[in-house]
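Below, chain A is the first sequence line, B the second, and so on; all start at residue 1.
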Amino acid sequence: MHDLSFFRANLDAIAQRLATRGFQLNVEEFRALDSERRAAITESEQLKAQKNAESAEIAKLRKQGLDAEDRQQKVRSMSERISSLDDKVKELDESFRTMLAGIPNIPHESVPVGKTAEDNVEVRRWGQPRQFDFEPKAHWDLGPELHILDLERAAKITGARFAVYWGVGARLERALINFMLDVHTREHGYTEVLPPFLINSASLFGTGQLPKFKDDLFKIENHDFWLAPTAEVPVTNLFRDETLDAGQLPIKLCAYTPCFRSEAGSYGRDVRGIIRQHQFQKVELVKFTRPEQSYDELEKLTADAEDILKRLGLPFRTVVLSTGDMGAASAKTYDLEVWLPGQNGYKEISSCSNFEAYQARRAGIRAKPDKGKADYVHTLNGSGLAIGRTWVAIVENYQQADGTILVPEALRPYLGTDCIKPESQPFH
RNA sequence: GGAGGAAUGGGUGAGUGGUUGAAACCGGCGGUCUUGAAAACCGUUAGCGGGGUGACUCGCUCGGGGGUUCGAAUCCCUCUUCCUCCGCCA
């Protein structure tokens, strides 16, 4: 959501910037709507001022014990006109709000202009994809062979795009969660929070998923509850409609949650394995910053996410998304892509974004300095990391010729073993 | 799920139909005093939206929405949240 007066003052420049991400702002409609709204407000308020003055007169007359019926009659008829004007203002406000809420964020000037993911720009690369002296397998083969991943039974008890992890496979998921939370809280300075996994519509509006991306979400019947598609939603909304102390910023939070996505429109993509699921686990990083520090904090947040991959010894590259590939709420986004032998390529495992004040305006999150007025904060978030895809990356990158998985050093204290073997699982 | 009670400015809290946008106290800010500080005293201290270059001015706002009335923090309806008790439950 954009700031109305800022929009008004910079309309043409904003329209130009939005065009770089493929959004055509209807400048004429905006101007028309705006002046119509202001005219209606002015007229209604002038009438209200008159009405208030009349009421004060009536009060005076009544105190003197005089009759004021003719004045009362006059005000009664004014009230009718006022209420019809106010209805009009309300209507205009609504269409204005809808229009503003549907406009995406303005891309930061450092973001490459482009139409699609093809135009994303790689900014760095870490590690070398391993050269195998045998034919590496994909996780959808390795998982069942090791008896740690069971997609068939998941389909039975729930449906497609769900997974059951068994034994050390389940423990690997849990180990990754604990490992990531520990690194971020103990070494990167984040505070851990555990939010509800169901959230309400207002929260989804605040971070920008609603109203536009309703179809990507799961909704609970008969309640204003939705399954959280990412911890970004509950965690960012923690401070919705609050004014923070600017001295406390940046506030750095991390949260483990499952994430639920309908994946509408992704039929046929990533159908094999657990790359794209209706439910996946994620450790999320969220920051609230002062406006002038947000891009600095974006670099740090991205580095914090990259650090997890480095500690796990997983090769990755970092790309900056082009204007055409970014999410609507973001002003700048880095994607971290991990090397997956099963895909013979890099696959997104984290997305780190600066939303500037876009979400803060929608959600009413402000911060007040010691002196001066409260202003909207900048919000940022990034996956640190997606657990399921990290699970895949470990299994595929650390597979050995005999079909076992070598456990990276950093994870051994969490998993309690240095090698994942099939016989560790007695069922099946 | 049932029965009650509550929601007022940064905080505590007064206010049951007419200069109450809101007393008082605390806190914050500015000042007097002081070598400095404390204390004391004085002043000041809500947000949003219109109009105006501006001093300024008008409107809306006492949890949200609606209603009654010439006029609502105050009366009515409704929703939300919190508290207490009962039931149920991990």
Side-chain angles (χ1 to χ4, degrees), chain A residues 1-11 30-101 194-206 210-211 220-226 234 237-249 251 258 357 360-377:
Chain A
M1 180 108 83
H2 295 280
D3 181 66
L4 186 55
S5 47
F6 175 74
F7 229 75
R8 214 178 256 151
N10 304 281
L11 198 54
F30 182 96
R31 288 218 170 91
L33 217 52
D34 190 35
S35 65
E36 201 182 341
R37 172 178 171 273
R38 288 156 95 174
I41 287 172
T42 303
E43 199 183 338
S44 158
E45 288 187 354
Q46 278 169 357
L47 279 170
K48 281 176 186 165
Q50 282 178 39
K51 181 182 160 183
N52 289 342
E54 287 294 332
S55 284
E57 281 302 313
I58 291 168
K60 225 180 267 177
L61 291 171
R62 294 286 288 263
K63 236 172 206 168
Q64 295 166 12
L66 297 169
D67 177 72
E69 185 49 44
D70 52 333
R71 280 178 188 274
Q72 289 180 25
Q73 192 60 47
K74 187 177 164 193
V75 176
R76 251 192 295 266
S77 67
M78 288 175 72
S79 294
E80 281 170 35
R81 288 189 54 202
I82 288 170
S83 89
S84 84
L85 271 169
D86 280 350
D87 285 348
K88 189 181 168 192
V89 171
K90 211 172 165 184
E91 224 169 276
L92 282 163
D93 269 343
E94 189 51 41
S95 46
F96 223 100
R97 210 189 64 95
T98 306
M99 182 190 180
L100 276 177
L194 181 63
F197 304 156
L198 298 186
I199 66 242
N200 58 31
S201 314
S203 294
L204 286 157
F205 181 85
L210 287 182
I220 304 291
E221 258 186 273
N222 303 126
H223 294 270
D224 182 29
F225 292 150
W226 308 67
N237 279 281
L238 243 21
F239 298 127
R240 170 151 47 88
D241 295 324
E242 290 192 33
T243 300
L244 303 165
D245 175 1
Q248 297 179 304
L249 301 179
I251 293 172
R361 268 187 233 108
R362 295 173 76 101
I365 308 169
R366 300 184 300 162
K368 194 182 178 317
D370 276 350
K371 308 204 169 189
K373 285 185 75 173
D375 194 13
Y376 291 111
V377 301

[X] [atom1] to [N] [atom2]: how many Å, rounded?
{"X": "A:I41", "N": "B:rG49", "atom1": "CD1", "atom2": "P", "value": "10 Å"}
{"X": "A:L61", "N": "B:rG18", "atom1": "CG", "atom2": "P", "value": "16 Å"}
{"X": "A:L85", "N": "B:rC60", "atom1": "CG", "atom2": "C1'", "value": "15 Å"}
{"X": "A:R240", "N": "B:rG64", "atom1": "CZ", "atom2": "C1'", "value": "14 Å"}
{"X": "A:E45", "N": "B:rC48", "atom1": "CD", "atom2": "C1'", "value": "11 Å"}

**Q.** Donor on one side chain, acceptor on other, A:S203 and A:N200, under 3.5 Å
**A.** yes

With rounding to whole Å, what would you report as the distance between [N] and [M] at their [atom1] atoms?
{"N": "B:rU8", "M": "B:rG13", "atom1": "C1'", "result": "9 Å"}
{"N": "B:rU12", "M": "B:rG71", "atom1": "P", "result": "33 Å"}
{"N": "B:rU20", "M": "B:rA73", "atom1": "P", "result": "12 Å"}

**Q.** Syn or anti for B:rU61 (syn when the glycosidic angle lies within 90° of 0)
**A.** syn

**Q.** B/S/- contact track for nucleotides 66-71 of chain B, protein heavy atom under 4.0 Å
**A.** S---BS

(Q) Determine whether a donor-acceptor pair (N or O, by modelled atom type, separation under 3.5 Å) exists between the side chain of A:R362 and the backbone of A:F205. (A) yes

Q: Could you work out which one of B:rG47, B:rG51, B:rG59 sits closest to the side chain of A:K48?
A: B:rG59

Q: Go through B:rC48, B:rG51, B:rG59 for me and flag the one nearest to the A:R366 side chain.
A: B:rC48

Q: Report yes if at least one side-chain N or O of A:R37 is closer than 4.0 Å to OP1 or OP2 of B:rG50; otherwise report no.
A: yes

Q. How would RNA chain B look in dot-bracket form, 5' to 3', counting Watson-Crick and G-U wobble pairs with both distances under 3.5 Å and writing | for bases paired to another strand?
A. ((((((((.[[[..)..(.....]]]((((((.......)))))).(((((....)))))..[[[[[..)....]]]]])))))))....

Q. With respect to A:I41, which candidate in A:E43, A:R37, A:R38 satisfies the side-chain contact (heavy atoms from CB on, under 4.5 Å) definition?
A. A:R37

